[in-house]
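In what follows, a single structure is set out as structure tokens and then discussed.
Note that ligands are numbered from 1 as they come in the structure, with each ligand's atoms numbered from 1 the same way.
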Amino acid sequence: MEKEQLFALLDDFKIETPSWGYADTGTRFGKFLQPAAAGTIDEKLADAGIVHRYTGCCPTVAVHVLWDFSMGVDATATAKVAQNHGVRIGAINPNLFQDQVYKFGSVTSPDERAQSHAHRHVTDSIHIAKAVGSNVLSLWFADGTNYPGQDDIVTRKQRMHGALRQWHDAMPQDMLMMVEYKPFEPAFYHTDIADWGMAYIFAKDAGPNAKVLVDSGHHYQAQNIEQIVAWLLDEQMLGGFHFNDRKYADDDLTLGSIDPYAVFRIFHEIRNAAEWRNCDVSQIAYMVDQSHNLKPKIEAMIQTVTTAQEMFAKACLVDRDKLRDAQARIDVVDSETCLRNAFFTDVRPLLGEWRKRHNIDPDPLKAYRASGYQQRIAKEREAARAARGGNAGSAYA
Ligand code: AFD
Ligand code: MN
Ligand code: MN
């Protein structure tokens, strides 16, 4: 692939960062507070704007409705705040898992109060999406059960079908519904949307503007994620990704920190679909879904974004003519070598040149660290928290 062609593909390769990735989060065993963590939607959007400024490829921010929109606050004002920070609101994520009423599920719960609570919340979320100019409704359900016999699996399936159809038809024509799957957690016996097949069936049934969201942390150890991606692409049912990495489960680690080759293979299948089957891959939503408990949040986000760019660029460099020929000759080593040659190509100089063309420092992490932003916001936010009487003082005190 020619450099100019690669640069054009990099120009179009946009990665959405999540508002929740800038805030203090934790595991069920506790939360380690970071002085520079964002506490308000304004701070989250400011941090997202910084990541976009230093990487040049993160113009939109996914939001979580309950965490980012306060009752009574005009959503268009939030869109304005995003604009002031040089970003736009991207995917709207309703929160269908933390209210007490959702103890036995949201729309699949046998408790009709939970069903109507969820319905009201998603309807509100669609209104917020319209108000902020977002055209992505990203749905993840914690719904499931913890014990055999607790509830009827198929009755729950039917409840989900009904809700997704209703919400699909309530969306504006140009809005896309993304149906995300996850094998377990927080439910431990069965999860109502546990794998890509279930998400595919639900999305297909909901309507033409519903597709599958692949979260890279939501697969069992041995699953071949790129095969799922290739199938969804061939069925034109791949909506997008939530990028993260994991050693065991939904660990929310920096993308590529455990298995960069797996990330490369996902992008390779996307390039195959585009270049061999003329598949329109331009609408795929590349989104990050990570929360960092140990790494500084903005540094981790920059790492993830630049890694995604690196793996994507490597996948673009696969010599697909050579690969086609090696596959036709059934030469296993030559075929595999086509991928390995691309994967082991150091694309950092190319990415550095692409960044320079966009007036961006070739080393975004180094440039960010030299900016002093982290130290400045840590001081400002600690003072603001102390003034608010929040968790005063640093976690390191
Ligand atoms: C959690 C869930 C899921 C969801 C994300 C944002 O596992 O990935 O997309 O929170 O709500 O990670
Ligand atoms: Mn996710
Ligand atoms: Mn997850």
**OP:** Establish, yes or no, whether the cationic atom of Lys314 lies under 6.0 Å from the six-membered ring centre of Phe343 and within 45° of the ring axis.
**Re:** yes

Subject >> cation_pi(Arg246, Tyr248) dist<6.0 Å, angle<=45 >> reply: no

Original post:
Around the Mn ion (ligand 2), what protein N, O or S atoms are found below 2.8 Å?
Top reply: Glu180 OE2, Asp215 OD2, His242 ND1, Asp289 OD2

Original post:
Regarding Thr254 and Gln290, is there a side-chain donor-to-acceptor distance under 3.5 Å anywhere?
Top reply: no

**OP:** Could you tell me whether Asn278 atom CG has more than 12 heavy atoms of other residues or ligands within 6.0 Å of it?
**Re:** no

Subject >> Enclosure of Arg340 CZ (heavy-atom neighbours >12, cutoff 6.0 Å) >> reply: no

Original post:
Is there a side-chain contact between Glu353 and Phe7, using heavy atoms and a 4.5 Å cut-off?
Top reply: yes

Can you give the donor-acceptor pairs under 3.5 Å from side chains of residues 227-242 to other protein atoms, not counting sequence neighbours?
unit_1, atom_1, unit_2, atom_2, d
His242, ND1, Glu180, OE1, 3.4
His242, ND1, Glu180, OE2, 3.4
His242, ND1, Asp289, OD2, 3.3

For residues 139-149, dump all side-chain donor-acceptor pairs below 3.5 Å to protein atoms at least two apart in sequence or in another chain.
unit_1, atom_1, unit_2, atom_2, d
Asp143, OD1, Ser106, N, 3.2
Asp143, OD1, Ser106, OG, 2.9
Asp143, OD2, Ser106, N, 2.7
Asp143, OD2, Ser106, OG, 2.9
Asp143, OD2, Val107, N, 3.4
Asp143, OD2, Thr108, N, 3.2
Asp143, OD2, Thr108, OG1, 2.7
Thr145, OG1, His190, ND1, 2.6
Asn146, OD1, Phe188, N, 2.9

**OP:** May I have the step-by-step check of ring pair (Phe, Tyr, Trp, His ring centres under 6.0 Å) for Phe312 and His268, ending in yes or no?
**Re:** CA-CA 8 Å; Phe312 175 75; His268 168 62; over 10 Å; no

**OP:** Quick one, list the residues around ligand 1 where some non-hydrogen atom comes in under 4.0 Å, by chain and residue number.
**Re:** Trp20, His64, Trp140, Glu180, Lys182, Asp215, His218, His242, Asp250, Asp289

